Every structure is written in structure tokens, then in C-alpha cells.
Colleague: 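Got a structure for you, written out below as C-alpha cells; questions coming shortly.
Predicted model, so just to flag it, every value in this text is computed and none were measured. Note that ligands are numbered from 1 as they come in the structure, with each ligand's atoms numbered from 1 the same way.
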Amino acid sequence: MKAHRHLAAPTGKAALLLAALLVAAACLLPGAARAQAITLSYANFPPAPTFPCIQMERWAEEVRARTQGKVEVQTYPGSTLLSAKNMWSGVIQGQADIGCISLGYQPGVFPMMSVFEQPLGFSSATSASQALWEFYAARKPEEFARVKVLTLFASAPSNIMCKVPVTSLDQLKGMELRASGGASQVLEILGATPVSMPASETPEALQKGLIKGVLSSFDWLKDFNFAEHLKYQTVTNFVVYPFAVIMNLDKWNALPADVQAVLDGLSAEQAEWTGKYLDAHVQESLDWSREKYGIEIVELPEGELAKAEAALAVMLDDWKAQAAAKGVPADEVLAEAKALRQKYDK
Ligand code: DTR
């Protein structure tokens with residue numbers, strides 16, 4: 001009996017333990033679901049504090065929240081997984097599930113969307129980003145058929161950040177300035193010497209003295225600490241740089257429909273969020289640069305900007321010829337892009 005009682009007692013305890021374990025397991029169920037979560041890698045080329053990476057982190061957080069933890073996004077800023085130049089092919093081949101590309105880094109690859117690299121006169125990153133997304137969603141250009149496009153956005157309009165004050169167009173003659181894509185063409189037309197390279201390679205080029213300055217948006221002053229060496233800011237508001245966030249097509253097709261719906265539901269919102277973030281950040285960057293390094297803003301005389309605009313008109317003809325040669329209905333596309341600028345750039 002004694003032995004029996006002795007045996008009966010642990011059995012009761014074991015039952016309790018089992019019950020406790022079951023309760024614990026039930027509580028851990030969301031954890032168990034998380035264990036089977038989908039993990040997506042997201043590669044980006046510039047350093048973590050820059051706006052393409054800030055928007056990446058925001059997107060990752062939104063996706064985590066909106067899928068209730070079902071999707072985990074592992075982010076790789078600063079070319080730690082793919083660099084600017086192999087981002088496009090790297091995502092197509094599946095080295096990263098998602099990647100962020102700057103369209104201007106691959107001239108000729110985007111005959112239709114490159115209309116947004118042309119001097120259309122966008123005055124903010126917000127309006128350009130909204131226009132980009134609306135255009136893409138309506139047209140779904142063939143050039144993106146090998147990937148899933150998750151969102152699109154644009155930089156703020158480009159200005160000259162330079163070691164010396166640029167007060168006239170003539171001064172640009174032969175001056176080495178870093179740009180890319182449409183912005184490089186702008187410099188060429190204006191007689192400067194464009195040095196084309198991705199943003200991520202620019203700090204080294206500046207350090208080595210290969211360039212006197214850059215044509216980009218003013219967020220660079222703070223995010224790359226360029227305000228330290230590029231003290232003179234000439235306001236030109238030339239072209240914007242369009243970006244796309246692309247996903248490997250097999251990975252996209254393998255996602256459950258509810259997850260796909262969450263990602264699709266974020267596209268337009270993310271474009272607008274990024275534009276607004278960048279426009280505000282450009283202001284912050286200018287204020288910071290003024291305070292920390294005493295940068296100077298140089299305004300080109302009215303006549304100079306009008307002269308530049310007139311000279312840049314040739315870019316549109318060039319773009320039309322190149323796009324048409326690749327089967328793009330260039331006149332229609334250009335008219336649409338201009339109409340979208342008017343719609344959003346109030
Ligand atoms: N200058 C363009 C676009 C751009 C503007 N800000 C950043 C920050 C990080 C990377 C790119 C950009 C360009 O070089 O693509």
C-alpha cells in the first residue's frame with residue numbers, strides 16, 4: 001500500500017505537470033507559428049542612415065506588424081549583401097529576396113521608367129514618388145517583368161554641392177561632378193564633366209579628389225557628412241533619381257495570398273511615406289549643415305536657370321528617340337509623366 005501510495009503521488013504530480021505543459025504550449029502557440037515564419041532578406045546599397053535604408057526599415061516594421069509576425073524581414077544596408085551594381089541581377093538570381101535599385105545606375109535597362117530621370121520639373125520627392133507609383137501601377141512596364149515591384153520612390157530634386165561656389169553655368173565647364181543616369185546627362189549638356197558612380201562609391205571619390213562635388217539631393221550633406229567638405233550649395237532643382245524596390249519573382253509567387261495582399265497594400269503608401277520623409281529630411285540636413293559647418297546657399301541668377309532649362313530640353317528628344325527604338329510609345333509616356341507631375345506637384 002505504502003509503495004502504491006508512494007507511486008500514486010508522483011503520478012498526480014505528473015498529471016499536473018502535463019497539464020501545466022499543455023497550458024504553456026497553448027500559450028506558446030503564436031511562438032510556434034513564428035518558428036515557421038517566412039523570412040525575407042532585403043538588400044540595400046547605401047549606408048544605413050540614408051533615406052533608401054530608412055524607408056527599408058520602416059517597410060520591414062510595417063510588414064512584421066501587418067502580418068502579425070508571420071513575415072520577418074532581415075535587412076542588409078550598406079552593400080553588405082548586394083552592392084548597387086549587382087542589385088538588379090542579384091535579386092533576379094535570388095541572392096537576396098528583395099533589393100533596392102536606383103534606376104539611373106543601369107542606363108538602358110529601363111527604357112520606359114527612365115522618363116522619370118528626365119527634366120520634368122518635379123519640385124519634391126513626395127510628388128515624384130507618388131507620380132512614379134501611379135505611373136507604374138497603370139502601365140506595368142515590360143522591363144520589370146522579371147521581378148515583382150514592391151514600391152517605387154524618388155530622391156528630392158538635385159542640386160550642386162561643391163567645394164567652390166558655383167554662381168554661373170559657365171563655371172561648370174570641365175568641372176568633375178559626380179552624378180548618375182539622367183543627372184549625368186544634365187551635367188554633360190551643361191558642359192561639366194560627369195563622373196558616374198553609385199552613391200555608395202562617392203565618399204571615396206571625394207576623398208581621393210576625383211570629383212569637386214556632386215549633383216544630388218541635399219540629404220547627402222548630413223547623411224554622408226559631405227557638408228564638411230562641400231561648403232557651397234547651388235540650388236538648381238534639376239532632375240530627381242527614381243528608385244524601385246524589387247522582389248525575386250519565385251519568392252513572390254511562393255508567398256501565401258494573404259501576405260501578398262499585405263505587401264501589395266503597402267506599395268502606394270510606402271512611396272508617399274518615403275517622399276514625405278525625404279522632403280522633411282532635406283530640410284533637416286540643410287539646417288544641420290548650416291549649424292555644424294556653416295554651409296552657404298548659392299542661388300543662380302534667374303536667367304541662368306532659364307538658360308539651363310532651355311539647354312536641357314534636348315534630353316527629352318534624346319529620351320524619346322531611345323525609348324521609341326525599344327518599342328516604348330514615347331510621346332504617350334512622356335505626356336503621362338508630365339500630367340502626373342502636374343497632378344501631384346501642386
Ligand atoms: N543621388 C541619387 C539619389 C539619392 C539621393 N539620396 C540618396 C541617398 C543614398 C543613395 C542614393 C541617394 C543617387 O545617387 O542615386
Colleague: Counting each atom of ligand 1 from 1 as listed, which ones have a heavy atom of P46 under 4.0 Å away?
Modeller: 9 (C), 10 (C)
Colleague: Starting from the C-alpha separation in whole Å, work towards a yes-or-no answer on side-chain contact (heavy atoms from CB on, under 4.5 Å) for F45 and S102.
Modeller: CA-CA 9 Å; F45 61 93; S102 175; 4.0 Å; yes
Colleague: Specify the protein heavy atom at minimum distance from atom 15 (O) of ligand 1: its residue, its atom name, and the distance to 0.1 Å.
Modeller: Y105 OH, 2.8 Å
Colleague: Which of the atoms in ligand 1, numbered in the order shown and given with their element, are less than 4.0 Å from a heavy-atom of S217?
Modeller: 5 (C), 6 (N)
Colleague: Ignoring hydrogens, just give me the one of Y241, W220, F224 whose non-hydrogen atom is nearest atom 12 (C) of ligand 1.
Modeller: W220
Colleague: Does any part of the side chain of S217, heavy atoms only, come nearer than 4.5 Å to the side chain of H281, both counted from C-beta?
Modeller: no
Colleague: Give the C-alpha distance, both sets of side-chain angles, the deciding distance and a yes or no for side-chain contact (heavy atoms from CB on, under 4.5 Å) between L249 and V147.
Modeller: CA-CA 5 Å; L249 208 50; V147 294; 5.7 Å; no
Colleague: Yes or no: does S180 have any heavy atom under 4.0 Å from an atom of ligand 1?
Modeller: no
Colleague: Say whether, by atom type as modelled, one donor and one acceptor occur between the side chain of Q171 and the main chain of T167 under 3.5 angstrom.
Modeller: yes
Colleague: Residue-level breakdown please: for H281 versus ligand 1, do any non-hydrogen atoms fall below 4.0 Å on the side chain, on the backbone, on both, or on neither?
Modeller: neither
Colleague: Provide the full list of salt bridge (charged side-chain N to carboxylate O under 4.0 Å, His left out) pairs with a residue in residues 244-263, sequence neighbours left out, each pair given once.
Modeller: K70-D258, D97-K251
Colleague: Got an N/O contact under 3.5 Å between S155 and ligand 1?
Modeller: no
Colleague: Flag T50 as yes when one of its N or O atoms lies below 3.5 Å from any N or O atom of ligand 1, and as no otherwise.
Modeller: no
Colleague: Given Y277 and F153, is the ring pair (Phe, Tyr, Trp, His ring centres under 6.0 Å) satisfied, shown in steps?
Modeller: CA-CA 11 Å; Y277 166 80; F153 50 82; over 10 Å; no
Colleague: State, with a plain yes or no, whether a side-chain heavy atom of T274 is found less than 4.5 Å away from one of W59.
Modeller: no
Colleague: Should R178 be listed as contacting ligand 1, given a heavy-atom distance under 4.0 Å as the test?
Modeller: yes
Colleague: If hydrogens are left out, which of I54, D219, L278 has an atom nearest to atom 6 (N) of ligand 1, that is, the closest non-hydrogen atom?
Modeller: D219
Colleague: For atom 10 (C) of ligand 1, grab the closest protein heavy atom and report residue, atom and distance to one decimal in Å.
Modeller: A199 CB, 3.4 Å
Colleague: Among all protein non-hydrogen atoms, which one is nearest to atom 1 (N) of ligand 1, and what is the separation to 0.1 Å?
Modeller: S216 OG, 2.5 Å
Colleague: Between L40 and M247, is any pair of side-chain heavy atoms under 4.5 Å apart?
Modeller: yes
Colleague: Considering only heavy atoms of F243, which atoms of ligand 1 have at least one such atom less than 4.0 Å away?
Modeller: 3 (C), 4 (C), 11 (C), 12 (C), 15 (O)
